[in-house]
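Along the sequence shown, residues carry numbers from 1. Values in this document were obtained by computation on a predicted structure and should not be read as measured data.
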Amino acid sequence: MAGNIVQMDYTVMRAVSTGFKTQADVLDGIDKALTAAINILRATAFLSGGTSLALANYLENIDKQIKKLVKLCHEFASDLSNAVKDHINGDIKGKSYFGEGLK
């Protein structure tokens with residue numbers, strides 16, 4: 001179809017991109033604190049008769065999911081930011097960012 005117009009509210013899209021970056025930073029902080037807690041639990045496992053080791057293993061599973069979310073939020077923030085830049089410059093490649101998946 002000739003004559004299609006693609007519009008974008010740059011302010012909104014930049015805000016969404018910044019929101020994903022902020023969430024990635026928050027989750028990264030949670031990840032660091034959780035990693036420290038896991039290390040402490042592992043270090044004290046011999047004193048607790050294994051209960052702190054079981055808790056550390058449980059928290060490690062949560063930690064893995066948080067790491068995935070951090071990566072995903074960074075990816076979304078980057079994709080949105082690049083899409084805005086490309087749209088401003090008139091580049092049509094921006095549409096391909098969102099179908100590529102995580103790098």
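In the hydrophobic clustering of ILVMFWY residues, with side-chain heavy atoms under 4.5 Å counting as a link, L53 and I40 come out apart.
Note that the CD atom of Q65 and the CD1 atom of I62 stand 9.5 Å from one another [nearest 0.5 Å]. Separating the CG atom in L80 from the CZ atom in R14 is a distance of 12.0 Å, to the nearest 0.5 Å. In this structure, CZ on F20 lies 10.5 Å from CG on L69, to the nearest 0.5 angstrom. Separation of atoms CD1 (I30) and CG (D25) is listed at 11.5 Å; rounding is to 0.5 Å. Residue D31 holds its CG atom at 13.0 Å from NZ of K68, rounded to the nearest 0.5 Å. To the nearest 0.5 Å, the span separating CE on M8 from CG on D86 amounts to 9.0 Å.
With hydrogens and angles disregarded, no donor-acceptor distance shorter than 3.5 Å links the side chain of S81 to the backbone of A77. Formation of a donor-acceptor pair under 3.5 Å by the T22 side chain with backbone atoms of T18 is found in this model. Judged purely by atom type and a 3.5 angstrom limit, S52 has no side-chain atom pairing as donor or acceptor with the backbone of S48.
Partners of K32 by salt bridge (charged side-chain N to carboxylate O under 4.0 Å, His left out), not counting sequence neighbours, listed by chain and number: D28.
More than 12 non-hydrogen atoms from other residues, nucleotides or ligands lie less than 6.0 angstrom from OH of Y10.
Listed by first and then second residue, the salt bridge (Lys or Arg N to Asp or Glu O under 4.0 Å) pairs involving residues 38-51 are R42-E60 (not counting sequence neighbours).
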Exercise for review: Apply side chain to side chain contact (heavy atoms under 4.5 Å, CB included) to L41 and L59, showing your working.
Suggested key: CA-CA 10 Å; L41 287 168; L59 292 177; 3.7 Å; yes
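Among the candidates L72, L27, T35, the single residue satisfying the side-chain contact (heavy atoms from CB on, under 4.5 Å) test with K67 is T35.
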